[in-house]
Amino acid sequence: MIDPETLRTANAWPFEEARKLVARLERTGKSEILFETGYGPSGLPHIGTFGEVARTSMVRHAFRVLTEDRVPTRLVAFSDDMDGLRKVPDNVPNRELLAGALNRPLTAVPDPFGTHESFGHHNNARLRAFLDRFGFDYEFLSATDCYRSGRFDETLLAVLERYDAVMAIMLPTLGPERRQTYSPFLPLHPVTGHVMQVAIEERNVAAGTIVWRDPATGERHETPVTGGHAKLQWKPDWAMRWVALGVDYEMAGKDLIDSVKVSGQIARALGAEPPEGFNYELFLDEAGGKISKSKGNGLTIDEWLAYGTPESLSLFMYNKPREAKRLHFDVIPRHVDDYLTFLEKYPGQEGRLQLGNPVWHIHGGRPPEAELIPSGGNGPGTTLSFSMLLNLVAVANSEDPAVLWGFIRRYAPGVSPQTHPRLDRLAGHAVRYFRDFVRPAKTYRLADEREAAALRDLDAALAGHMGSTDAEALQAVVYEVGRTHFPDTSGKSKSPDGRPGVLQTWFATIYQILLGQDRGPRFGSFIALYGVAETRALIAKALAGDLLREHEAFLAERR
RNA sequence: GAGCGCGUAGCUCAGCCGGUAGAGCAACUGACUUUUAAUCAGUGGGUCGUGGGUUCGAGUCCCACCGCGCUCACCA
């Protein structure tokens, strides 16, 4: 139970939104609150779809807490699947199948994947699978079902009746030539099944029909506006849907600000109050420029989830929805770590701060306990950060999680995938990050004669330590070999017993030739964890030029 | 043209209901008994875009201006 005063002053944005709904409830006397998110099924669900549903769910949760769950709420994911197919998407198979179905409602277009009743049904199923994957609580609604079942009929007839008022709102928003043929109703052609964009010649309010002419044949048709024989044009459609379903809240991107305004006016013309709204900012690409679908500079949800957790993505969506934010790979590690930090801080916060903590909103008020690792003292421990993991993977120089875990355990004794399953998943993300960003950036080179001789000596010296995991002893071996081949004669560095030290060149050599990078781990520790035999094999491959060849093959394969 | 947003340390950004500016990274110093990764401790660094206003007090609220970005004006 949260203190009412704390709730009243909670100023996280989902609460600000929820308060708008409380006020609306008092105004309208409604007995439930309906949230809607829209989806256009001519494409697959994407990261924006996730963001809209996630954010709406956060508002919904804040509202439920604010009203102590005394007001029922629903979230409808509405698919605009009666929309006509405008062009053939280029990311589907059997494109010729779609080419023959242009202008037909998406639910009357064959499924190019051959798995569902129609293209619209296919994408609807993908949407639901997508939302289910994240555990969202929602009801799915199909526009086609709503139109056909008669659920929209009453409101459609109201649009017909108030046709002039709707036109008066729409016409000023249109260009001169579009004005000539504009109609809020789009009849379905009785023969071709096409969604027709034609002028309405007559309308018969009593019969509930519109009369139009087929531009191709000149034939006159009279079509009922009800029963799925006609649909509405975009903005009137949105308004009609709000009115018919009783939508109280719907977010939209900033690109839809004008549409929201116009649809709101239409909703009022139909005698209803438009829903409360919220305009979120669009995402930017790597360079802060706009995201263009054709350029493909956006980030897909799968890409995010390859390197980051779903919670980190939720955090990204929670943060500053009104600001344009860069949505690119490089923001992922930070969001993963910010999430971990918020989660760790949560239990120690007082209620007021907890309500402003993103994890409260991300987890519906019940964030899980943080996975801590021993911090040495008697304290509760600390979170192993993702940036640290990324460093450890780079140090481990391996895509094998077991090797990575070797390094993790060295840092945090007693920790394992069994005791820290979420850390294990993070380790998986770190490995992928290594593979896709760190490894490609490596540049191996061949050893020259002097370096090759040194490496051969190192190999021979290591032969006497097979099986050793003594990092210090192994480090001493590395230094001893270095002293022979790369002595520091300047006198600046010395060994503990006063002999000459080793040039940094020796270590640079090791890293550049064996690891393909300029810097690296303390090499004795690396050998201890990586294995003496494995290290010797690594040296052999380097001397044979295989590391360089393999890396070039790896790079070539990625292209 | 209309609308939305941004401008705070070298970089990326936090700054809630106004109360003398913070983090991460980078840099620098030191510790970890041998100049390397990591880790830990510490240091330096900011006219808070500009100009006004409200206020005892403004990064924070209001107005104007400058700069930057995006969106909409055809389709959903």
Side-chain angles (χ1 to χ4, degrees), chain A residues 9-13 38-43 80 83-87 106 172-178 195 197 232-235 237-238 252-263 279-285 287-291 319-326 330-331 333-334 337-338 341 352-353 355-357 375-376 382 384-385 387-397 407-408 410-412 472 475-476 478-480 482-483 488 490 492-512 515 517-526:
Chain A
T9 56
N11 50 17
W13 68 264
Y39 168 65
S42 52
D80 192 13
D83 195 26
L85 179 68
R86 282 193 182 68
K87 63 173 180 110
L106 290 160
T173 69
L174 301 169
E177 65 287 348
R178 188 79 183 82
V195 179
Q197 280 207 29
L232 289 179
Q233 181 80 258
W234 159 233
K235 286 164 206 171
D237 193 45
W238 209 7
K254 155 176 114 160
D255 52 330
L256 295 183
I257 289 177
D258 285 342
S259 302
V260 170
K261 208 188 264 175
V262 172
S263 291
N279 290 300
Y280 53 84
E281 255 287 0
L282 275 22
F283 300 126
L284 304 176
D285 73 357
K290 63 176 164 183
I291 288 184
N319 278 340
K320 307 234 176 184
R322 286 202 142 100
E323 286 181 21
K325 296 183 296 181
R326 284 184 333 111
D330 51 7
V331 307
R334 202 186 123 191
D337 272 340
D338 283 354
T341 304
R352 183 178 155 59
L353 285 174
L355 295 187
N357 187 325
S375 58
T382 160
L384 182 52
S385 75
S387 63
M388 167 100 72
L389 273 181
L390 290 175
N391 284 328
L392 286 176
V393 186
V395 166
N397 190 50
F407 281 81
I408 294 173
R410 175 170 168 236
Y411 179 78
E472 292 309 310
Q475 180 76 353
V478 175
Y479 266 95
E480 212 48 55
R483 220 182 309 283
D488 182 353
S490 71
K492 271 171 71 181
S493 66
K494 287 194 184 88
S495 72
D497 53 19
R499 293 182 300 155
V502 175
L503 282 177
Q504 193 173 354
T505 320
W506 170 228
F507 295 99
T509 297
I510 290 176
Y511 301 131
Q512 287 165 5
L515 302 183
Q517 54 203 34
D518 288 333
R519 300 178 144 197
R522 185 184 178 92
F523 208 65
S525 312
F526 175 83

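In what follows, every heavy atom counts, from backbone to side chain, and hydrogens, waters and symmetry copies are set aside. Keep in mind the model is a prediction, meaning the values are calculated, not measured. In what follows, chains carry the letters A, B, and so on, assigned in the order in which the sequence lines appear, proteins first and then strands, with residues in each chain numbered from 1.
- One C1' atom belongs to B/G49, the other to B/C68, and the distance between them is 11 Å to the nearest Å.
- Comparing B/C75, B/U71, B/U34 by their nearest atom to the side chain of A/Leu282 picks out B/U71.
- In this structure, B/U60 makes no Watson-Crick or G-U wobble pair, since no nucleotide meets both defining distances under 3.5 angstrom.
- Residue A/Ala476 has its side chain nearest to B/U34 when only B/U34, B/C74, B/C70 are considered.
- Counting all heavy atoms, side chain and backbone alike, A/Leu174 lies closest to A/Arg178 at CD2-CG, 4.2 Å.
- With a cut-off of 3.5 Å on both Watson-Crick or G-U wobble distances, the partner of B/A26 is given as none.
- With A/Trp506 contributing its side chain and A/Val478 its backbone, the two residues share a donor-acceptor pair below 3.5 Å.
- Rounded to whole Å, the separation between the P atoms of B/C16 and B/U20 comes to 13 Å.
- Rounding to whole angstrom units, CZ of residue A/Phe283 and P of B/C6 are separated by 16 Å.
- Summarising the base pairing, B/A73 is matched to no nucleotide, lacking a Watson-Crick or G-U wobble pair whose two defining distances lie under 3.5 Å.
- Comparing the C1' positions of B/G46 and B/A9 gives a spacing of 5 Å, expressed to the nearest Å.
- B/C66 adopts an anti glycosidic conformation, its chi angle falling more than 90° from 0.
- Summarising the geometry, the separation between CD1 on A/Ile257 and P on B/C72 is reported as 10 Å, rounded to the nearest angstrom.
- Going from the C1' atom of B/G5 to that of B/G44 covers 34 Å, rounded to whole Å.
- Pairing of B/A21, defined by two Watson-Crick or G-U wobble distances under 3.5 Å, is not identified with any nucleotide.
- Rounded to a whole Å, the NZ atom of A/Lys325 is 17 Å from the P atom of B/U71.
- The residue A/Asp80 sits close only to the backbone: its heavy atoms come under 4.0 Å of sugar-phosphate atoms, none of a base.
- The partner of B/G44, taking Watson-Crick or G-U wobble pairs whose two distances both stay under 3.5 Å, does not exist in any strand shown.
- In this structure, the nucleotide among B/C75, B/U34, B/U71 sitting nearest to the side chain of A/Gln197 is B/C75.
- In terms of position on RNA chain B, the residue among A/Glu323 and A/Phe507 whose nearest nucleotide sits closer to the 5' end is A/Glu323.
- If you take CD of A/Gln475 and C1' of B/C32, they are 13 Å apart, rounded to a whole angstrom.
- Spacing between B/C61 and B/G15 at atom C1', rounded to whole Å, works out to 16 Å.
- Set against B/C75, B/C72, B/G3, the side chain of A/Leu174 has B/C75 as its closest nucleotide.
- Using a 4.5 Å cut-off on side-chain heavy atoms (C-beta onward), A/Asp237 and A/Asp80 make contact.
- As the counterpart of B/A31, B/U39 is assigned, both hydrogen-bonding distances of the Watson-Crick or G-U wobble pattern falling under 3.5 Å.
- Of all heavy-atom pairs between A/Asn279 and A/Gly253, the closest is OD1-O, 3.7 Å.
- If you check every strand for non-hydrogen atoms under 4.0 Å, A/Gly40 touches nothing.
- Closest approach to the A/Lys320 side chain among B/G3, B/C75, B/A14 is made by B/A14 (side chain taken as heavy atoms from C-beta onward).
- Taking the side chain as every heavy atom from C-beta outward, A/Asp83 and A/Ser42 never approach each other to under 4.5 Å.
- Taking atom CZ on A/Arg326 and atom C1' on B/G69, their separation rounds to 13 Å, with Å as the unit.
- Of the listed nucleotides (B/C72, B/C75, B/U12), B/C72 has the atom at the smallest distance from the side chain of A/Asp258.
- What you find for A/Lys320 and A/Lys325 is that their closest heavy atoms are O-CE, 3.9 Å.
- Protein atom CZ of A/Phe523 is 18 Å distant from nucleotide atom P of B/U34, rounded to whole Å.
- With a 3.5 Å ceiling on both atom-pair distances, the Watson-Crick or G-U wobble partner of B/G5 is B/C68.
- Distance noted for atom C1' between B/C66 and B/A27: 33 Å (whole Å).
- When every heavy atom of A/Gly524 is checked against every heavy atom of A/Gln475, the shortest pair comes out as N-OE1, 2.7 Å.
- Listed pair A/Tyr479 / B/U35 meets the phosphate criterion, a side-chain N or O lying under 4.0 Å from OP1 or OP2.
- Across B/C40 and B/G45, the matching C1' atoms stand 22 Å from one another, rounded to whole Å.
- In the set B/C13, B/C72, B/G3, the nucleotide with an atom closest to the side chain of A/Arg334 is B/C13.
- Taking atom CH2 of residue A/Trp234 and atom P of nucleotide B/C74, one finds them 15 Å apart after rounding to whole Å.
- Summarising the geometry, the separation between CG on A/Leu256 and P on B/C75 is reported as 14 Å, rounded to the nearest angstrom.
- Residues A/Leu106 and A/Pro41 share a closest heavy-atom pair of CD1-CG, 3.7 Å.
- When the C1' atom is compared between B/C4 and B/G19, the two are found 32 Å apart, to the nearest whole Å.
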